[in-house]
Structures are given as structure tokens and as C-alpha cells.
Amino acid sequence: MKRLSHFDNAGRIRMVDVTAKPTTSRTAVAHAFVRMRGATVSSVRELASPKGNPLEIARIAGISAAKRTSELIPLCHPIALTHVDVRVKLCKNGVEITSHATATGPTGVEMEALVAASVAALTIYDMCKALERGMEITELYLEQKTGGQSGEYVSPRMKRRPRKRGK
């Protein structure tokens, strides 16, 4: 049976020692969705949000957050990211967010991709809450990752069906 990596043999919480792990190229893609009413989507489409363009602000917030992941998640290693991209797409009932993180190092970038998607979604909420308080942040998950000892991972969500646009 697999064990949780953030516990030592005595059961104490620890930061994982990656000293002996090989440096490899690592990538991760994460997804989030902000569900909102059609009227809110229309306002965002027309850039009628009282606070400015929420899609562009969310994109920048996600990129910035990925770079600070180790400050937010206590046992994450600081990683020298080589690339981060956050894409936001306005759909008929919300905003779809996809984040990509890349690094070359001894540990993965899944948390950086997930933090980027999360913070981008939270930023959409913050930017649009004057229009709608009942928005929902849903579907936060890791789509895929490459590199490292565990190799490639593809979410079962991605295997079951191709990604639908315009939810």
C-alpha cells in the first residue's frame, strides 16, 4: 500500500526530502470552473464589471499565485518555475480556467498549477461578486502531469470524454 509522503516513519509531519531525486522536466495542467448566471456572463463579455476586465486580472493573479505556492502551502518546495500560463474562457454559464506550469527540477509542479487555477477562479469571483454573489467555483482538478518518478498522469475526466467547450 502507498504511504503519504509528508509523514516520516514515526508519523511526524515533514517536508519531503528531494535531495536524491533526479532533475527532470515536469509539467502540470489544472482546471477550474466558475459557474455564473447568464446575465453575469453577458456583463463580463461586455466588460461591464464595475472593477474592470475580470478575465485578464484573473489570468495575471493565477500566474502570480503559482510563483508563490510554497508560501501558501506549508510543505511545498519552492520551485523555480520556467513557465506558467493561465487561460480563461468565457462560456455560456461561466468561466473555464486552465493553468499550465512547467519546471525542471527534483519535484513536480502539480500544486503550482492547482494554485494558479484556484486563485484565478477566486479572482473571477472577487471581480464579479458585485454582479452575482451566488457564483460557484467548481471542477478544480489536476488534468495531467508529466515527469518525475511517477511518470505521466492523465485525469480519468480527460480519458472519459474530450473537454467540452462552452459548458
Side-chain angles (χ1 to χ4, degrees), residues 5-6 26-103 105 107-148 150 152-167:
S5 60
H6 287 86
R26 295 155 184 273
T27 65
V29 179
H31 175 275
F33 191 77
V34 182
R35 189 169 319 286
M36 57 183 65
R37 294 187 322 244
T40 306
V41 171
S42 293
S43 291
V44 172
R45 183 172 284 114
E46 297 165 14
L47 297 178
S49 168
K51 295 184 178 183
N53 183 344
L55 302 180
E56 191 60 16
I57 296 296
R59 199 177 72 70
I60 298 303
I63 291 168
S64 296
K67 297 181 339 183
R68 300 185 71 154
T69 298
S70 67
E71 296 174 34
L72 301 169
I73 311 293
L75 299 177
C76 276
H77 293 86
I79 294 177
L81 293 167
T82 56
H83 182 72
V84 177
D85 187 30
V86 175
R87 295 186 182 158
V88 292
K89 181 181 185 315
L90 200 56
C91 302
K92 66 181 179 183
N93 66 338
V95 178
E96 182 177 39
I97 299 160
T98 306
S99 63
H100 299 254
T102 307
T107 191
V109 291
E110 298 95 282
M111 294 308 299
E112 286 72 12
L114 287 162
V115 165
S118 300
V119 170
L122 289 166
T123 301
I124 294 288
Y125 184 92
D126 181 53
M127 297 290 293
C128 297
K129 68 186 178 197
L131 301 171
E132 178 184 352
R133 297 265 181 199
M135 291 175 288
E136 295 179 1
I137 296 171
T138 65
E139 299 181 35
L140 174 65
Y141 60 90
L142 182 68
E143 284 189 357
Q144 65 183 51
K145 75 97 175 165
T146 64
S150 61
E152 186 172 349
Y153 166 81
V154 177
S155 168
R157 290 174 180 248
M158 303 306 292
K159 293 176 184 176
R160 280 194 301 258
R161 66 191 187 317
R163 180 195 230 126
K164 290 182 181 176
R165 297 292 182 192
K167 295 182 176 205

* Look only at the side chain of Thr102 and the backbone of Thr82, and say whether a donor-acceptor pair between them is shorter than 3.5 Å. => no
* To do: State the CD1-CZ distance between Ile97 and Phe33, to the nearest 0.5 angstrom.
  => 9.0 Å
* Structure fact -> All heavy atoms of Val41 vs all of Asn93, minimum pair found to be CG2-C, 4.0 Å
* Structure fact -> Residues Ala32 and Leu140: closest non-hydrogen pair is CB-CD1, 4.1 Å
* Asked: Are any side-chain N or O atoms of Tyr125 and backbone N or O atoms of Arg133, one a donor and one an acceptor, separated by less than 3.5 Å?
  -> yes
* To do: Determine the minimum heavy-atom distance between Val95 and Val88, stating which atoms define it.
  => CG1-CB, 4.1 Å
* Separation of Gln144 CD from His31 NE2 (nearest 0.5 Å) -> 12.5 Å
* Asked: Rounded to the nearest 0.5 Å, what separation is found between the CG atom of Leu114 and the CD atom of Glu143?
  -> 10.0 Å
* Structure fact -> Closest non-hydrogen contact found for Ala103 with Ala80 is CB-O, 3.7 Å
* To do: Measure from the side-chain N and O atoms of Arg26 to the backbone N and O of Gly105, and report whether any donor-acceptor pair falls under 3.5 Å.
  => yes
* **Any Val34 side-chain heavy atom under 4.5 Å of Leu122 side chain** => no
* Looking at NE2 of His77 and OG1 of Thr107, how far apart are the two atoms once the value is rounded to the nearest 0.5 Å? -> 6.0 Å
* Is it true that a side-chain atom of Glu112 and a backbone atom of Leu81 form a donor plus acceptor pair closer than 3.5 Å? -> no
* Decide side-chain contact (heavy atoms from CB on, under 4.5 Å) for Glu139 and Arg157; before the verdict, give the C-alpha distance in whole Å, the side-chain angles of both, and the deciding distance to 0.1 Å. => CA-CA 10 Å; Glu139 299 181 35; Arg157 290 174 180 248; 4.0 Å; yes
* Asked: Looking only at heavy atoms, which two atoms of Ala101 and Val109 are closest? And how far apart?
  -> O-CG2, 3.4 Å
* Would you sort out whether Thr98 and Lys89 count as a side-chain hydrogen bond (donor to acceptor under 3.5 Å, both in side chains), showing the intermediate values? => CA-CA 9 Å; Thr98 306; Lys89 181 181 185 315; over 6 Å; no
* To do: Report the C-alpha separation of Met36 and Leu131 in whole Å, then their side-chain angles, then the decisive distance to 0.1 Å, and conclude whether the side-chain contact (heavy atoms from CB on, under 4.5 Å) test is met.
  => CA-CA 10 Å; Met36 57 183 65; Leu131 301 171; over 6 Å; no
* Asked: How many angstroms lie between atom CE of Met127 and atom CG of Leu55, to the nearest 0.5 angstrom?
  -> 9.0 Å
* Scan side-chain atoms only and decide if Thr146 and Thr27 contain a donor-acceptor pair under the 3.5 Å cut-off. => yes
* Asked: OG/Ser43 to CZ/Arg37 distance, rounded to the nearest 0.5 angstrom?
  -> 9.0 Å
* Of all the heavy-atom pairs spanning Ala28 and Leu142, show the shortest one and how long it is. => CB-CD1, 4.1 Å
